[in-house]
2 protein chains.
Amino acid sequence: MESRRVTLKDIAKSLGVSVNTVSRALTGKDSVGEDTRTRIKEEARRLGYVPNSMARSLVLGSAMTLGLVITNPSNPFYARLISTIEQRGRVHGYSLMLLVTEESQDGDEAAAETLLRWGVDGALVVPVQSDGEHWDRLDESGVPVVCLNRDFPALELDFIGVDYDNAAYEATRHLIDGGARSLCLLEEDLPISPVADRTAGFRRALADAGLGAAGDPVLSVPTRRQESLALPWDPGDAYRIAQDIVSGGDLPDAIMVGNDYFALGVYRALNEAGLSAPRDVLVGGFGDHPFAAYLSPPLTTVRLPAADIGTTAVDVLLRRMKGSAGQPEKRRLPSELVVRASSRTGESPPT
Amino acid sequence: MESRRVTLKDIAKSLGVSVNTVSRALTGKDSVGEDTRTRIKEEARRLGYVPNSMARSLVLGSAMTLGLVITNPSNPFYARLISTIEQRGRVHGYSLMLLVTEESQDGDEAAAETLLRWGVDGALVVPVQSDGEHWDRLDESGVPVVCLNRDFPALELDFIGVDYDNAAYEATRHLIDGGARSLCLLEEDLPISPVADRTAGFRRALADAGLGAAGDPVLSVPTRRQESLALPWDPGDAYRIAQDIVSGGDLPDAIMVGNDYFALGVYRALNEAGLSAPRDVLVGGFGDHPFAAYLSPPLTTVRLPAADIGTTAVDVLLRRMKGSAGQPEKRRLPSELVVRASSRTGESPPT
DNA sequence: ATGAAAGCGCTAACAA
DNA sequence: TTGTTAGCGCTTTCAT
């Protein structure tokens, strides 16, 4: 039953030729007779030969594998990254080794170690925290590393992410143009660049419009990460904060949130207070997750270039793997503000 | 710069011992002197030795890798499977090779081939369609295969999924208990077991309640899969069907949908017609996706045991890998109906 | 055009 | 306890 796997040697023996000839015939090398090549190919098919990628990689010195390190696949943005990266890699003949870190520093370091052991040809990683020198080390060990979505300037690594700063600026601008004079921003409490960038863009828009706030308009949402596996972000986390805002007396004209899930929490808080967007408050989010267009009211949000980031990142990585040296490349791709009813102050009722 | 990677041989040479001794010392074999072991370990650290998993696997004959084949990581249910499986595998020392098939039969077959080439120790797969004999073949080649979520009785493989039949029965029952006499079910148009099972459970509940419908109460939602990478399901697909229902004259008392995203489309169609749940129609979904609790009204839906399925599947696979033979095991795990306002006909306004 | 020999990095016999 | 030999399956010299 457990018939041992067919190897080159088996074919060679069965045909009375050398292993080596079989190898050349099967890998399409030229120095092989037309007739022998056909005979070998047929015998290979007959015996059900399947090349052993492992052995091949060992001798070739290339694993033909890319490593992908993700904090949480349940985040839809990362789910899309996984898809596009797997695809793009496969097109170039690479398999994908996936590691999940769950925002754990230990997991992050363990992931780097695992990738090193396997000798993957390159790694794409959403780093957990600012302490990511192990990624630098991996890179220096000869495994090129490209960071996704989260940038740490201290790391001398390529980075492909979103231009959250500008995106936040535009979105905020849009709300201000809609008449908002007092605004606030709800952001998760992680020390990562997307949060920092969105915050910066938001603040700049406020400053440019001469809207100095009384208190700090940026509210940090403590995220409970116990169930990180199951959830992207928990709307409930934002709900609690939004309740405070709503019951606080002076309702802002507009509320921005760092991700669409937080908007769900804001909507609920508003509802429960008998308020609604855009009548009482304008609301804007980030992510354009599939549900955003179907909420009531449909949510104005920033559509992120997930596919672009995935393919660009793989391309950049492949280039590094080919040995192109030079300064690390830090790219922030543009996103698109999708305006929907939650921020439309104008006339028209929903069509 | 590109300093070649440190190998056992390097350590051996540097210490004047045999490669073999180094191997034993580092892998914790007993037949090694206390002193030499320490010396070797230190030298290994000093030189920055990292074991080569590839070489190790080649000689051991085990890749220490599991294959995971998923149709679409953007489906939150599958995203959770990815997380739990990666975790559970890692706990047992296995790395994960991820393949994405995008509902393509070719992709499905290619995935099986890739896993065979790499000689993974086992595979977990959400098969694309009914034609999955390549998975049977992979299994017979000595790579145990466990199917996830979608079962094809023709395949002689282990299967771990959801008891959708019973779940649909219970959910339907709940709607009927709420007073619904006419019901319909919106399901995507794929020939897969989850759809078939939910449909069966739904029909059975109707029959048991003596609710023979005039026409067929099960509506097939044509899903446009062009953008499969980006989306889980498209609410718009269900929206179009729901519009027909709403404008059709005789509104059913309750609408069930095969996934929560379809409920979004139904909600919109209702809204636009000036209708709402639960007043005019009861609505129930599947998935309990994070947004479900935050819709207005909050959506009654079936919470799927994603984590259970993931861990159970890995455990079953590991058992198979250890060589336990026997009939394939087909398990359908129970889910939980989460009742929310969309199906509450009773008194209370939302708290 | 083909074969023989060597080696990728590691582990598992078998000796010593 | 340690070293020697052999081999995992494959590719790449180098001869022939």
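Chain letters run A, B, ... following the sequence lines, proteins first and then strands; every chain starts at 1.
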Would you mind classifying the nucleic acid contact of [X] as base, sugar-phosphate or nothing, using non-hydrogen atoms under 4.0 angstrom?
X	value
B:Gly33	sugar-phosphate
B:Thr7	sugar-phosphate
A:Val32	sugar-phosphate
B:Ser57	nothing

(request) Hey, which sits more toward the 5' end of DNA chain D by its nearest nucleotide, A:Pro51 or B:Val17? (result) B:Val17
(message) Quick check on DNA chain D: between B:Asp35 and A:Asn52, whose nearest nucleotide comes earlier from the 5' end?
(response) B:Asp35
(request) Output the distance between atom CG (A:Asn149) and atom CG (A:Leu124), rounded to the nearest 0.5 Å. (result) 13.0 Å
Rounded to whole Å, please give me the gap between [atom1] in [X] and [atom2] in [N].
X	N	atom1	atom2	answer
A:Leu60	C:dG9	CG	P	13 Å
A:Lys9	D:dA6	NZ	P	14 Å
A:Trp118	C:dC8	CH2	P	20 Å
A:Arg39	C:dT2	CZ	C1'	12 Å
B:Leu58	D:dC8	CG	C1'	4 Å
A:Lys13	C:dG3	NZ	P	15 Å
B:Asp30	C:dA12	CG	C1'	14 Å
B:Asp10	C:dC8	CG	P	10 Å

(request) Find out whether A:Arg90 and A:Ser95 are in side-chain contact, i.e. whether some heavy atom of one side chain is under 4.5 Å from a heavy atom of the other. (result) no
Distance check: side-chain N/O of [X] vs OP1/OP2 of [N], anything under 4.0 Å?
X	N	value
A:Thr21	C:dG3	yes
B:Arg24	D:dT2	no
B:Ser23	C:dG9	no
A:Lys29	C:dT2	no

(request) From the options D:dT11, D:dT2, D:dC8, select the nucleotide whose nearest atom is closest to the side chain of B:Val59. (result) D:dC8
(message) Between B:Asn20 and B:Ala55, which residue's closest nucleotide on DNA chain C lies nearer the 5′ terminus?
(response) B:Ala55
Hey, are [X] and [Y] close enough for a salt bridge, meaning a charged N less than 4.0 Å from a carboxylate O?
X	Y	answer
A:Arg4	A:Asp10	yes
B:Glu133	B:Arg137	yes
B:Arg88	B:Asp315	yes

